[in-house]
A.B. asks: 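One structure is given below, represented as structure tokens, and several questions about it will come after.
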2 protein chains.
Amino acid sequence: MEITAKFTAEQIAAAKRYAAMTPPTAIDPRIEALVTDLIGRVADKWTMVILEILAEKKTLRFGKLAEAIGTISQKMLTQTLRTMERDGLITREVYPVVPPKVEYQLTELGFTLGTAFCGVWVWAAENLSRVDQSRQAFDRRTSEASQ
Amino acid sequence: MEITAKFTAEQIAAAKRYAAMTPPTAIDPRIEALVTDLIGRVADKWTMVILEILAEKKTLRFGKLAEAIGTISQKMLTQTLRTMERDGLITREVYPVVPPKVEYQLTELGFTLGTAFCGVWVWAAENLSRVDQSRQAFDRRTSEASQ
DNA sequence: TTCTATACTTACCAAACGGAGAGTGTAGCC
DNA sequence: GGCTACACTCTCCGTTTGGTAAGTATAGAA
């Protein structure tokens, strides 16, 4: 699988270890709510993309990051980076020069989150065509049904 | 401006191993876009919760599912379930009785996705307090800075 | 003096999200 | 005849999201 080249063998092994664990049952609902909330914030499109790019490129300036992502607006990039910094996923180093220079890096926390997401990424890559086929079949069924 | 938190020697070593093991790879951007898109759709709050509940309870009717989730609106539940069915994550079995009876189950695809997400779930549970501390520190820093 | 580079920041606006609440269909019970 | 159960389905409407475009700050080059 091509996509797995993005991750180290180590990361993939870690993801598989996680995956082998049975999902936790009976959990304190307050904790559960917090975890769900955290996942909700962390699991958005741009956060994942940035996590992935920074895992690969190590250190990037704002502009280079924007370039690497390709389609993101400045506003969203700033916003996402700020949130990630607040959550402790990345570090933001400002050089007091003109024109400004700011470098972003993953923290260890960000790195481990990337590792955890690795499992989802691999799943998505492996099952892309299956999902696609399922969607097509579904759409065919529903359009027939509506006639 | 605050400057970076430093990595431990261990983390730096890990990062170096990681760097050594990860040659820059070129992935078909179309595949990448599709995967990102797929993850984006699949990684939303309700999908994850439903995945989790169905993994545990195996088979549930619409009403019981709503009850198990607790806070979801009918509209969102219907919508999320329909999308998941389209993506091949769940099956929807309709019994032609009155009043209606509909049962939902995970497919194998849905089950494996739940498994993949388990890693993120575990990460979130393990790092909840670290993220929380990071946020508090960040908020303290920024409120100081704005005075 | 004017222009350039860079990382934002702000204002504005359209689209999407998502909740509340009412409506739908119908077999069987009272 | 009227009521109930269940799984939707639809409408209205406030909130959130996210894009575009313009503005900010300032050292150094031309």
Side-chain angles (χ1 to χ4, degrees), chain A residues 33 36-37 39-50 53-54 57 59-86 90-105 138 141-143 145-146, chain B residues 1-4 33 36-37 39-50 53-54 57 59-86 90-105 138 141-143 145-146:
Chain A
T36 303
D37 177 67
I39 291 178
R41 296 193 197 207
V42 126
D44 87 305
K45 192 184 165 189
W46 297 131
T47 300
M48 286 192 309
V49 174
I50 291 171
I53 291 175
L54 281 183
K57 300 286 179 57
T59 302
L60 280 182
R61 296 179 58 175
F62 184 88
K64 293 295 172 188
L65 203 41
E67 212 176 284
I69 298 172
T71 55
I72 196 171
S73 65
Q74 274 195 335
K75 182 181 151 188
M76 279 311 295
L77 182 52
T78 305
Q79 205 175 97
T80 308
L81 288 172
R82 217 43 61 80
T83 304
M84 290 176 77
E85 188 198 356
R86 189 170 104 99
I90 58 172
T91 56
R92 174 169 178 273
E93 187 161 7
V94 181
Y95 295 86
V97 295
V98 170
K101 175 179 173 179
V102 180
E103 284 184 348
Y104 294 93
Q105 274 193 22
F138 183 92
R141 257 181 285 142
T142 50
S143 69
S146 66
Chain B
M1 274 305 159
E2 286 297 328
I3 305 298
T4 54
T36 302
D37 176 67
I39 291 178
R41 295 195 197 204
V42 126
D44 86 306
K45 192 185 165 189
W46 296 131
T47 300
M48 287 192 309
V49 174
I50 291 171
I53 291 176
L54 281 183
K57 300 287 179 59
T59 302
L60 282 182
R61 297 179 58 174
F62 185 89
K64 293 295 173 189
L65 203 40
E67 211 176 286
I69 298 173
T71 56
I72 196 171
S73 66
Q74 274 196 334
K75 182 183 154 188
M76 281 310 296
L77 182 53
T78 307
Q79 207 175 95
T80 307
L81 287 171
R82 216 45 59 80
T83 304
M84 290 176 77
E85 188 196 357
R86 189 171 105 100
I90 58 173
T91 56
R92 174 171 179 272
E93 186 162 7
V94 182
Y95 296 85
V97 296
V98 169
K101 174 179 175 180
V102 180
E103 283 184 349
Y104 294 93
Q105 273 193 22
F138 182 92
R141 258 180 284 144
T142 50
S143 69
S146 67

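Scope of the values below: all heavy atoms of this structure, side chains included, with no hydrogens, waters or symmetry mates. To find a chain, count down the sequence lines: A is the first, B the second, and so on, and within it residues start at 1.
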A.B. asks: Nearest whole Å is fine: how far is C:dT6 P from A:L77 CG?
C.D. replies: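 Taking CG of A:L77 and P of C:dT6, I get 15 Å after rounding.
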A.B. asks: Take A:P99 and B:R61, find for each the nucleotide of DNA chain D with the closest heavy atom, and name the residue whose nucleotide sits nearer the 5' end.
C.D. replies: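 Checking each residue's closest nucleotide, the 5'-ward one belongs to B:R61.
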A.B. asks: So if I take every side-chain heavy atom of B:F62 and compare against C:dT6, D:dG19, D:dA7, which nucleotide ends up nearest?
C.D. replies: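 Closest nucleotide among those given: D:dA7.
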A.B. asks: Given C:dA7, D:dA7, D:dG19, identify the nucleotide with an atom nearest to the side chain of A:S73.
C.D. replies: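 Per side-chain heavy atoms of A:S73, the pick is D:dG19.
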A.B. asks: Could you check which of C:dA7, D:dT9, C:dA5 has an atom nearest any side-chain atom of B:R82?
C.D. replies: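 The answer is D:dT9.
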A.B. asks: Rounded to the nearest 0.5 Å, how far apart are CD1 of B:I69 and OG1 of B:T80?
C.D. replies: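 Taking CD1 in B:I69 and OG1 in B:T80, the distance rounds to 7.5 Å.
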A.B. asks: Round to a whole Å and report the spacing from CG of A:L81 to P of C:dC8.
C.D. replies: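 Value for this atom pair: 7 Å.
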A.B. asks: For B:W46 and A:V98, take the nucleotide of DNA chain C holding the closest heavy atom to each; which residue's nucleotide lies nearer the 5' end?
C.D. replies: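 Comparing both residues, the 5'-ward one is A:V98.
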A.B. asks: Using side chain to side chain contact (heavy atoms under 4.5 Å, CB included), reason through A:R92 and A:V94 one step at a time and then give a plain yes or no.
C.D. replies: CA-CA 6 Å; A:R92 174 169 178 273; A:V94 181; 3.7 Å; yes
A.B. asks: Rounded off to whole Å, could you give me the NZ-to-P distance for the A:K45 and C:dC17 pair?
C.D. replies: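 For the pair A:K45 NZ and C:dC17 P, the rounded distance is 12 Å.
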A.B. asks: Figure out the CG/P separation between B:D44 and D:dT17, and round it to whole Å.
C.D. replies: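 B:D44 atom CG is separated from D:dT17 atom P by 14 Å.
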A.B. asks: Consider the side chain of A:K75, meaning its heavy atoms from C-beta on, and name the nucleotide among C:dG18, C:dC8, C:dT10 that approaches it most closely.
C.D. replies: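 Between C:dG18, C:dC8, C:dT10, the one nearest the side chain of A:K75 would be C:dT10.
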A.B. asks: What is the distance, rounded to the nearest whole Å, between atom CZ of A:R92 and atom C1' of C:dA7?
C.D. replies: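 From A:R92 CZ to C:dA7 C1': 8 Å.
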A.B. asks: Looking only at non-hydrogen atoms, find the nearest pair between B:I90 and B:L81 and report the distance.
C.D. replies: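 So the minimum-distance heavy-atom pair works out to CD1-O, 3.4 Å.
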A.B. asks: Would you mind reading off the distance between A:Q74 atom CD and D:dG23 atom C1', rounded to a whole angstrom?
C.D. replies: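 Result: 12 Å.
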A.B. asks: Rounded to whole Å, please give me the gap between CD in B:Q79 and C1' in D:dA7.
C.D. replies: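 The distance from CD of B:Q79 to C1' of D:dA7 comes to 15 Å, rounded to the nearest Å.
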A.B. asks: Are B:Y104 and B:T59 close enough, and set up right, to give a side chain to side chain contact (heavy atoms under 4.5 Å, CB included), and what steps lead you there?
C.D. replies: CA-CA 6 Å; B:Y104 294 93; B:T59 302; over 6 Å; no
A.B. asks: What is the minimum heavy-atom distance between B:F62 and B:Q74, and which atoms define it?
C.D. replies: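 Taking every non-hydrogen atom into account, CZ-O, 4.1 Å.
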A.B. asks: Heavy atoms only, 4.0 Å cut-off, all strands: where does A:Y95 land among base, sugar-phosphate and nothing?
C.D. replies: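 Nothing: the residue A:Y95, judged by heavy atoms under 4.0 Å, touches no strand.
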A.B. asks: Could you tell me the separation between the CD atom of A:E85 and the C1' atom of C:dA7, rounded to a whole number of Å?
C.D. replies: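 Rounding to the nearest Å, CD of A:E85 and C1' of C:dA7 are 14 Å apart.
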